Amino acid sequence: MTKDVVVTISGFHMSEEIEDGDAIELVHIGQYYERNGTHYILYEERMEGIPEPVKNMIKVRDSRMELRKTGPVTANMVFEENKSQSSTYAIPYGSFLMETSTSRVGLQAEGDTLTATAAYQLRVNGVHCASCEIRVLVQSREAFQL
């Protein structure tokens with residue numbers, strides 16, 4: 001795969017309050033590289049009300065995915081099969097404790113496409129919020145399709 005990529009992040013959340021679930025999909029221009037069996041995806045995102053971009057790095061290998069945010073928003077979320085992880089998610093207006101209990105992490109690389117997925121339970125400040133799934137689709141800019 002080429003270094004210049006399009007990163008599509010899809011998230012799906014099921015909770016007691018949202019009967020049919022809540023889905024979101026974001027598309028970003030980014031960079032990709034692979035080193036020693038670990039896939040690295042780098043991209044910036046603009047968040048409403050925050051003037052400077054948030055820098056994101058996703059590391060994926062085997063049954064582990066890590067999402068690190070730096071800049072005005074900071075977080076280090078780790079998704080590892082059959083493990084629970086805690087991290088602080090900090091935004092300019094405050095911070096909160098996020099806990100993830102991951103049941104599944106998947107990775108599929110084929111040609112100019114890489115797909116990483118994770119299924120997890122999300123708790124915020126100790127309260128169960130949702131059952132979640134995330135999918136990170138990385139495509140070379142030349143092969144990008146919606």
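Along the sequence shown, residues carry numbers from 1. Source: prediction; values computed, not measured.
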Chemist: Is Ile134 linked to Met98 within one hydrophobic cluster, defined over Ile, Leu, Val, Met, Phe, Trp and Tyr using a side-chain heavy-atom separation of less than 4.5 Å?
Modeler: yes

Chemist: Would you say Leu67 ends up clustered with Met47 if hydrophobic residues are merged whenever their side chains have heavy atoms under 4.5 Å apart, either directly or through other cluster members?
Modeler: yes

Chemist: Looking at Glu133 and Arg135, is there a salt bridge between them, counting it only when a charged N and a carboxylate O are closer than 4.0 Å?
Modeler: no

Chemist: To the nearest 0.5 angstrom, please state how far the OG1 atom of Thr70 sits from the CG atom of Asn56.
Modeler: 7.5 Å

Chemist: Does Ile41 belong to the same Ile/Leu/Val/Met/Phe/Trp/Tyr cluster as Leu107, with side-chain heavy atoms less than 4.5 Å apart forming each link?
Modeler: yes

Chemist: Could you report the tightest heavy-atom contact between His13 and Cys132, atom names first, then the distance?
Modeler: ND1-SG, 3.0 Å

Chemist: Hydrophobic clustering (ILVMFWY, side-chain heavy atoms < 4.5 Å, transitive) - are Ile58 and Leu122 grouped together?
Modeler: yes

Chemist: Does a donor on one side chain sit under 3.5 Å from an acceptor on the other, for Gln139 and Thr113?
Modeler: no

Chemist: Mind listing the closest non-hydrogen atom pair of Leu114 and His39 along with its distance?
Modeler: CD1-ND1, 3.3 Å

Chemist: Roughly how far apart are Met77 CE and Tyr89 OH, rounded to 0.5 Å?
Modeler: 7.5 Å

Chemist: If we ignore hydrogens and angles and just use 3.5 Å, is the side chain of Asn125 paired with the main-chain N or O of Leu97 as donor and acceptor?
Modeler: yes

Chemist: According to the interplanar angle, ranging from 0 to 90°, do the rings of Tyr120 and Phe79 count as parallel (below 30°), tilted (30 to 60°) or perpendicular (above 60°)?
Modeler: tilted

Chemist: Closest approach of Thr38 and Arg61, non-hydrogen atoms and distance?
Modeler: OG1-CD, 3.6 Å

Chemist: Determine, using the 4.5 Å side-chain heavy-atom cutoff (strictly less than), whether Tyr93 and Val124 are members of one ILVMFWY cluster.
Modeler: yes

Chemist: For residues Thr115 and Leu137, report the shortest heavy-atom separation together with the two atoms involved.
Modeler: OG1-CD1, 3.5 Å

